[in-house]
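Quick note on labels: first sequence line is chain A, next is B, and so on, each numbered from 1.
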Amino acid sequence: MMGSENQEGGEARLQASREEMESLVLDGDDGRDHIGNSITSQSYANYRSAMTTLSSSFAASHHPLSFPTPADSDPLLSPPSPQPPLLKSPNSPKPRTTATDDPRHLDPPSYADVVSSPLDDSIEANGGSESPSQHSENSASSFSRSPFSSSDYLEIVVSNPQKEAESSKNSIVPGNNAYVTYLITTKTNISDYGGSQFSVRRRFRDVVTLSDRLSEAYRGFVIPPRPEKSVVESQVMQKQEFVEQRRVALQKYLRRLAAHPVIKKSDELRVFLQVQGRLPLPTSVDVASRMLDGAGKLPKQLFGDSRSVMGPQDVVQPAKGGRDLLRLFKELKQSVANDWGASRPPAEEEDQEFLDRKQWLHDLEQHLTNASKQAEALVKAQQGLADTMGELGLAFIKLTKFENEEAVLNTQRVRAADMKSLATTAVRVSRYHRGLNAQTVKHLDTLHEYLVLMLAVHNAFSDRSSALLTVQTLLSELSSLHSRAEKLETASSKIFGGDKSRIRKTEELKDTIRVTEDAKGCAIREYERIKENNRCEIERLDRERRTDFVNMLKGFVTNQVTYMEKIGIEWTKVAEETNRYAKETA
Amino acid sequence: MIPTQLQRSGSGSTQSPRSPSSQEPFLSVSVIDPAKMGNGVQAYISYKVITKTNLPDYQGPEKIVIRRYSDFVWLRDRLFEKYKGIFIPPLPEKSTVEKFRFTAEFIEMRRQALDIFVNRIASHHILQQSEDLRIFLQADEQTMERARSQEIGIFKKKPADLMQIFKDVQSKVSDVVLGKEKPVEESTPEYEKLKRYIFELEDHLAEAQKHAYRLVKRHRELGQSLSEFGKAVKLLGTCEDNALGKVFSEVGDKAEIVSVKMQREAHHLLMNFEESLKDYVRAVQSIKATIAERANAFKQQCELAETIKFKEIDLNKLRLTRSEKLADAEREYDVLKADGEEATRRFEAIVQLMNEEIVRFQEQKTLDMGLAFHEFAKGQAHLANGIAEAWRSLLPKLEACASS
């Protein structure tokens, strides 16, 4: 297909011919059709190379374009980040061809590099189909559900990556670590922000912090997943392409956050966007360093110290590695009991509606994946047609020139004129096709956006599952504590006058039960809260999904009509001009 | 099939032969009904060749014979040998890839090209009078086979070898044109210009044809992916409730309809546009073969002229010495002189014919290309308008869904 043909070595010629196309001037055309115009050959060469590399190596090499694109992915693999134990296995087969283990990683569609040229914008303006913003970067910011409504807006631009050196005194790793910061500019009219435009500099680590704090604070919500971390060396970190891709990914991420009706009002986000200097959120490093404390606590926990109890303050978060080692262990035991035990777990996921919904979402995800893949293929094919039509036009332009120069007979000049008409139309039509394709990308990108959301939905559901597990664990714990208390009661009642140590133990046990009861109450409330969050979010998503999908289809179909009408008009003109050659036979 | 009038001069016209009462001589040929014969490696395609004519030499009013590709090759080779200077109409290539030899598309393309081939011969004012044409159109199959197997000389039996010879001729011609072979080269400025034109033209045409072929493929690919996309959209619609689900389903169906339109246009492009370009390329290659023949003839003429000169010198020497060999030498000289005149005549005939042929060729190509462009534009317009119409019919429903 396209890729293999380019690998035949024609790519250089292709680029050359693209540049030729730019520089050829066709006389007698009106200004709009003037080929030697401002479309830089660079832009064509860029997306040409992007398409080539995409088709030739699907897996990891996402090549950059020198100006912003909606591409957002990490070119490099990363191991699965630590997740609550009940999250589904990271090794589930991915429908996309990139080999990544992390279910949170999702490649953008490979057509994401298709960019509309300025000329296509003018065609759009004349043809008048859709939203005013043409730049493909704006596609992520809203689905045009309520563009520029009078209610609050939050616009974010990520730009200007800069290298900065970290002073070694604060870092754990010795030596000078360079890192990259990005300028984040916000425009808003939300009152909480107390300002309409401001900028901060943030590094990727800050984004991780933001994302982690949001996951903790908004359990049960469908939170857009953040861009991938990368475990490779600083060498790669500083490469321009990587930085550019990350910039784009960050922008998309922040814009998705800003589009979420609840999260856009969150303190975490506000603080991230607005507060100058160091990000005033507890960092994940701080949390991780509690690991050291946790390791210290472990022996006491294992030997049954009273401090081993789960307090209410702990149960509002899932068990994490570090300080919660024992709790992790208990919950793991519980989940095994749930799966393999003969008896039913103390509290069960009873909500059939929830289970149905889960199944439905699973189906939706499968179909979305398939549709997204086919959309990619469609865009590639449309691009191929556009390119080849342009190349054909170019070849005929050369032929026309040749015939005109070498003409000895008049009939040659006639033929040259016919050919020129065909050639210029072919080039024009090729541009229309490109325009159509750029619009198609914008619309079908909705499929990809929803696939990303599916991941976030999984996370929301697993928040619920892990909260449920906490409840179950506490219930089991309570029941075993109660039975221990009973045994102690019966044992000490047999001894006349009481048993000092046993009485003490009973008292301690009663304390423990009380604390655990509180914790249970908390856990149940948390679980209910998360369930409610799930429900609201799913409802919201349902509404939005319907609107977005209808708009996607409408946009897709409208574009096809608009551009095909234009193309039809062009060719009809040529057909009429050449009518005299038509066969007379019926 | 193009019914043709017999002309004594000028290019053929296309008047309908459906006036049997008129006494105008006419010759109309069509190549139809390809049928696979034989099995395995020996298998081949045979075609019906129908001749409708009122010419005296022909068995009228209608005669049907069965011919295969090698018979056409035989005809082309005979004409090429006999009518030096005339651009013999080109034949479609022999298929080199086994698995495409019997695809419906290949067979149809070949049939169309063979039909055009014979008709061009039948409408050429000189070629149509050829005896070989008559044999081809009229002889029974055994006679044809015998004639075909008798064909020796420069053109051996197998068309593959013929290809090789053409290639040799081509390289020889390029050598000549590029000036690699020094001495015997005709070099008037007009002829130089013509040769250069022909060679460059072939390159340009080949490139255009390559892109045309790719365009056909792109149509097919787009059609294919539209179909797949449509299916995926339908599946996605199963997750939605009634109204929205139906919309998805209809979008999916439309995508399939559009896909079919694309495939049809791909075929139309192939048969009417890409084939025309290929035909143009072949025609130019045939001209190159004629250029080679002309170079040969010129070379022979020059060589003979040289030989005659030397013979004259010898003759004079012999006269002076009053040798007995004089009589023989004089006889040889006369023979040589006659040969020389013959060679000159042949060469000049070629030059004359070529001049006429070039004019004919250019005129014909303007017509051919004009038609090809027209078909191209027509097909593309039809496709685009069809696609717009198909999608347009969905818009009201989509609007309704969006506003609800």
If one checks every heavy atom of B:Glu200 against chain A at 4.5 Å, the contacting part turns out to be both
Of B:Gln362, B:Glu375, B:Gln380, the largest count of non-hydrogen pairs under 4.5 angstrom with chain A goes to B:Gln362
So, the part of B:Asp368 with a heavy atom under 4.5 Å from chain A: the answer is neither
Honestly, the part of A:Asn410 sitting under 4.5 Å from a heavy atom of chain B is neither
Query raised in the report: Mind checking whether A:Phe402 and B:His204 have parallel, tilted or perpendicular rings, split at 30° and 60°?
Result: tilted
* Asked: Is the Lys NZ or Arg CZ of A:Arg434 less than 6.0 Å from the centre of A:Tyr563's six-membered ring, within 45° of the axis?
  -> no
Residue from A:Asn370, A:Ile567, A:Thr425, A:Leu392 scoring the most non-hydrogen pairs under 4.5 Å with chain B is A:Leu392
If one checks every heavy atom of B:Leu244 against chain A at 4.5 Å, the contacting part turns out to be side chain
Is the distance from the ring center of B:Tyr213 to that of B:Phe273 below 6.0 Å?
no
Pair count under 4.5 Å, heavy atoms only, with chain B: among A:Val557, A:Asp418, A:Ile569, highest is A:Val557
| field | A:Lys573 bridged to A:Glu576 by N-O distance under 4.0 Å | value | no
Applying a strict 4.5 Å limit to non-hydrogen atoms, the region of A:Leu364 in contact with chain B is both
For the pair B:Arg392 and A:Glu565, find out whether any cationic side-chain nitrogen is under 4.0 Å from an anionic carboxylate oxygen. yes
Pair count under 4.5 Å, heavy atoms only, with chain B: among A:Met389, A:Met419, A:Gln374, highest is A:Gln374
If one checks every heavy atom of B:Phe376 against chain A at 4.5 Å, the contacting part turns out to be side chain
If you tally heavy-atom pairs under 4.5 Å between each of B:Lys193, B:Glu190, B:Met369, B:Lys378 and chain A, the highest tally belongs to B:Lys193
Closest heavy-atom pair, B:Asp115 versus B:Val31, reported as atoms and distance to 0.1 Å, is OD2-N, 2.8 Å
- Query: Between A:Lys373 and A:Glu376, is the closest basic N to carboxylate O distance under 4.0 Å?
  - Reply: no
So, the part of B:His382 with a heavy atom under 4.5 Å from chain A: the answer is neither
Turns out that what part of A:Leu553 lies under 4.5 Å from chain B's heavy atoms comes down to both
Does B:Glu240 come within less than 4.0 Å of A:Arg545, counting only side-chain N to carboxylate O? yes
Whatever's closer than 4.5 Å to a heavy atom in chain A on B:Leu201 counts as both
Chain A shares the most heavy-atom pairs under 4.5 Å, among B:Cys239, B:Ala388, B:Gly237, with B:Cys239
Applying a strict 4.5 Å limit to non-hydrogen atoms, the region of A:Val429 in contact with chain B is neither
From the list A:Val408, A:Leu409, A:Leu422, the residue making the most non-hydrogen contacts under 4.5 Å with chain B is A:Leu422
Do B:Asp279 and B:Lys365 meet the salt-bridge criterion of a basic N to acidic O distance under 4.0 Å?
yes
- request: In plain terms, say whether A:Lys398 and B:Glu207 are close enough for a salt bridge, that is, a side-chain N and a carboxylate O under 4.0 Å apart.
  value: yes
Bottom line for A:Glu577: the part with an atom under 4.5 Å from chain B's heavy atoms is neither
Salt-bridge test for A:Arg428 and A:Glu570: reply yes if a basic N is under 4.0 Å from a carboxylate O, no otherwise. yes
Are B:Glu275 and B:Lys278 ion-paired here, with the side-chain N under 4.0 Å from a carboxylate O? yes
Note: vs chain A, highest number of non-hydrogen pairs under 4.5 angstrom among B:Leu367, B:Val251, B:Asp203, B:Leu394 is B:Leu367
With chain B, the option among A:Asp363, A:Leu399, A:Leu361, A:Val414 that has the most non-hydrogen atom pairs under 4.5 Å is A:Leu399
